[in-house]
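Computed from a predicted model, the values in this text were never measured in an experiment. Lettering of chains follows the sequences in order, A, B, ..., and the numbering in each one begins at 1.
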Protein chains: 2
Amino acid sequence: MTAGDRPRRPPTAQQFVLEEIRRAITSGELRPGDPIRQDALAAELGVSRVPLREALKILEGEGLVAYRVHRGYGVVSLSMDDLREVYRIRELLEAEAVRRAIGELTAADLDRLEEIQRGVERAGEAGDVAGMAAANRRFHFTLFECSGMPRLVRHIRLLWEATDAYRSLYYSDGENRQRVNREHRATLAALHDRDAEKAIASLDEHRAHAVAALELAFSEETAAKPGQ
Amino acid sequence: MTAGDRPRRPPTAQQFVLEEIRRAITSGELRPGDPIRQDALAAELGVSRVPLREALKILEGEGLVAYRVHRGYGVVSLSMDDLREVYRIRELLEAEAVRRAIGELTAADLDRLEEIQRGVERAGEAGDVAGMAAANRRFHFTLFECSGMPRLVRHIRLLWEATDAYRSLYYSDGENRQRVNREHRATLAALHDRDAEKAIASLDEHRAHAVAALELAFSEETAAKPGQ
DNA sequence: ATATCCTATTTTGGATCCAGTATTGATTCT
DNA sequence: AGAATCAATACTGGATCCAAAATAGGATAT
């Protein structure tokens, strides 16, 4: 019954709009390639175009929307090549983050990671796909942040956000959700052993499965509608 | 005498303001830690606050300025740790870019790089520090873009831009400028040989010297004014 | 004298309105 | 019929104005 129970509306319209557009893109409400009409979207969200445009500038920087002068914004559609590129860059940066984190990891950090992983599993068992995706994110970034390299984490976050629209595909499959838990457990074991290379290998595998799933989804999609 | 002779004013106020603020930050006109008063800056540049704020949002995404709600923007000041982190991430990403580029490099690409390097040397001999920095940038990014990984290049560009304010320190020293040319020549030789690892090693050295120069500048600065 | 509270001012956040550019559809000419 | 041209429309870019939050300064109470 406290104020924090349901997601409170952010203090500024800008932040509210930012979250709304993000949600709309990841949920598929706004689909890749869709143009974004400022007037219509602003009216729909009940704000003026000014905060909307600032939010769009942020999303442009994150690579979620594309912008052309006098032509406006549109949701970017990623090709499979783009996705592979994002995952390759993540491989490079996340390996560095884990290597640095290993040396800094405290017992308290490991406990937190264990607790978060329990949350991932709870959400998975409850069939809460969105909750599991959020907890998964917490798991990974809690680890990355132990690296003590905030800029590195920022770049990794940018990469994750760029593919948010496609991540839901992965989590909607029950088998993938189980696999995630196995891989997280393997990662945790490696972290307990302070074995950086093993942890990295485990995360690489984790990522490779996601890419494979996306390849499959893409090939099905292009097979279904060869034209567009 | 044609229209393209001097830098034409960009088509939108937003882009104009963006370039102006960037220039002001890299030139030291706006110094790290300085707050950015929207009204004053907008008036100075002869535009309203709307395009200014959108430009600032872009710069925030690039990490050049920091923002806090209701408190506005300010030029970020980087610590030596921040700089080391940026250069470490560059090391990881630029190595990947070079590895990918090596396989794709055409004779035309190599010719272009040679030509650009001649431009770097010309600017250096003429004592045109800003011109040399710009040509140096072209040299590196022309190479990176051969990787065929646009997102990777985007992330590398973000990292370069984050340290633009500090790069001028390096180029203001004549010995460093000579060193740059030697290292570019070494990189070019490795590229001609299609030796990725040698090219990467050469660029790593290039970067290490820049970091060393920054370390020196930082230690002098903190020695000069221990308080702030 | 110090700390606290209140008020005035500064500064940012947002809404509305106007101007300029791109797009669409109709019209005309070949 | 098809292409080119031009006008009407839709949409973005930008300026001005208003509201709300933060800050600074001064008054008051202890």
Under a 4.0 Å heavy-atom cutoff, the residues of residues 58-70 of chain B touching DNA chain D are H70(B)

What about R53(B): does its side chain form a donor-acceptor pair under 3.5 Å with the base of dG14(D)? no

Within residues 39-46 of chain A, the residues having a heavy atom closer than 4.0 Å to DNA chain D are D39(A)

Min and max contacting nt of DNA chain C in 5' to 3' order, chain A heavy atoms within under 4.0 angstrom, are dG13(C) to dT23(C)

Sorted by chain and number, sequence neighbours left out, side-chain hydrogen bond (donor to acceptor under 3.5 Å, both in side chains) with E29(B) holds for R23(B)

Residue set satisfying side-chain hydrogen bond (donor to acceptor under 3.5 Å, both in side chains) with T163(A), at least two apart, ordered chain then number -> R167(A)

Using a 4.0 Å heavy-atom cut-off across all strands, classify Q14(B) as base, sugar-phosphate, or nothing. sugar-phosphate

Inset, instruction - Could you tell me whether the phosphate oxygens of dT12(D), OP1 or OP2, come under 4.0 Å of any side-chain nitrogen or oxygen in R37(A)? - result: yes

Exercise. Identify whether any heavy atom of R49(A) sits under 4.0 Å from a base atom; if not, whether one sits that close to sugar-phosphate; answer base, sugar-phosphate or nothing.
Key: base

Q | E60(A) with K57(A): basic N within carboxylate O range, under 4.0 Å | A | yes

| Does OP1 or OP2 of dG13(D) have a side-chain N or O of Q38(A) closer than 4.0 Å? | yes

note: Q15(B), atom CD; dT12(D), atom P; distance rounded to Å ~ 16 Å

Taking E145(A) first and then R157(A), would you say they form a salt bridge - that is, a charged N and a carboxylate O separated by under 4.0 Å? yes

Applied to residues 69-115 of chain B, the ring-ring contact (aromatic ring centres under 6.0 Å, His included) test, sequence neighbours excluded, yields Y67(B)-Y73(B)

Taken to the nearest whole Å, CD/E54(A) to P/dT12(D) is 16 Å

Nearest-nucleotide check on DNA chain C, R71(A) vs R71(B); residue mapping nearer the 5' end is R71(B)

Residues at least two apart in sequence or cross-chain that pass side-chain hydrogen bond (donor to acceptor under 3.5 Å, both in side chains) with D128(A), listed by chain then number, are none

Salt bridge (charged side-chain N to carboxylate O under 4.0 Å, His left out) filter on R122(A), not counting sequence neighbours, yields E115(A)

- Message: Regarding I36(B), tell me which of base, sugar-phosphate or nothing describes its non-hydrogen contacts under 4.0 Å with the strands shown.
- Response: sugar-phosphate

E96(B) meets the side-chain hydrogen bond (donor to acceptor under 3.5 Å, both in side chains) criterion, sequence neighbours left out, with R88(A), R100(B)

Walking DNA chain C from its 5' end, the first of V50(B) and G72(B) to be reached, judged by nearest nucleotide, is G72(B)

Residue set satisfying salt bridge (charged side-chain N to carboxylate O under 4.0 Å, His left out) with R137(B), at least two apart, ordered chain then number -> E161(B), D164(B)

Which pairs would a plain distance check flag for residues 33-47 of chain B, meaning a side-chain donor or acceptor within less than 3.5 Å of a matching protein atom at least two apart in sequence or in another chain?
{"residue": "D34(B)", "atom": "OD2", "partner": "R31(B)", "partner atom": "N", "Å": "3.0"}
{"residue": "Q38(B)", "atom": "OE1", "partner": "R49(B)", "partner atom": "NE", "Å": "3.0"}
{"residue": "Q38(B)", "atom": "OE1", "partner": "R49(B)", "partner atom": "NH2", "Å": "3.0"}

Throw together a table of side-chain donor-acceptor distances under 3.5 angstrom for residues 207-218 of chain B, partners on residues two or more places apart or in other chains.
{"residue": "R207(B)", "atom": "NE", "partner": "E94(B)", "partner atom": "OE1", "Å": "3.0"}
{"residue": "R207(B)", "atom": "NH1", "partner": "D204(B)", "partner atom": "OD1", "Å": "2.8"}
{"residue": "R207(B)", "atom": "NH2", "partner": "E94(B)", "partner atom": "OE1", "Å": "2.8"}
{"residue": "H209(B)", "atom": "ND1", "partner": "E183(B)", "partner atom": "OE2", "Å": "2.5"}
{"residue": "H209(B)", "atom": "ND1", "partner": "E205(B)", "partner atom": "O", "Å": "3.4"}
{"residue": "H209(B)", "atom": "NE2", "partner": "R179(B)", "partner atom": "NH1", "Å": "3.4"}
{"residue": "E215(B)", "atom": "OE1", "partner": "R84(B)", "partner atom": "NH1", "Å": "2.9"}
{"residue": "E215(B)", "atom": "OE2", "partner": "R84(B)", "partner atom": "NH1", "Å": "2.8"}

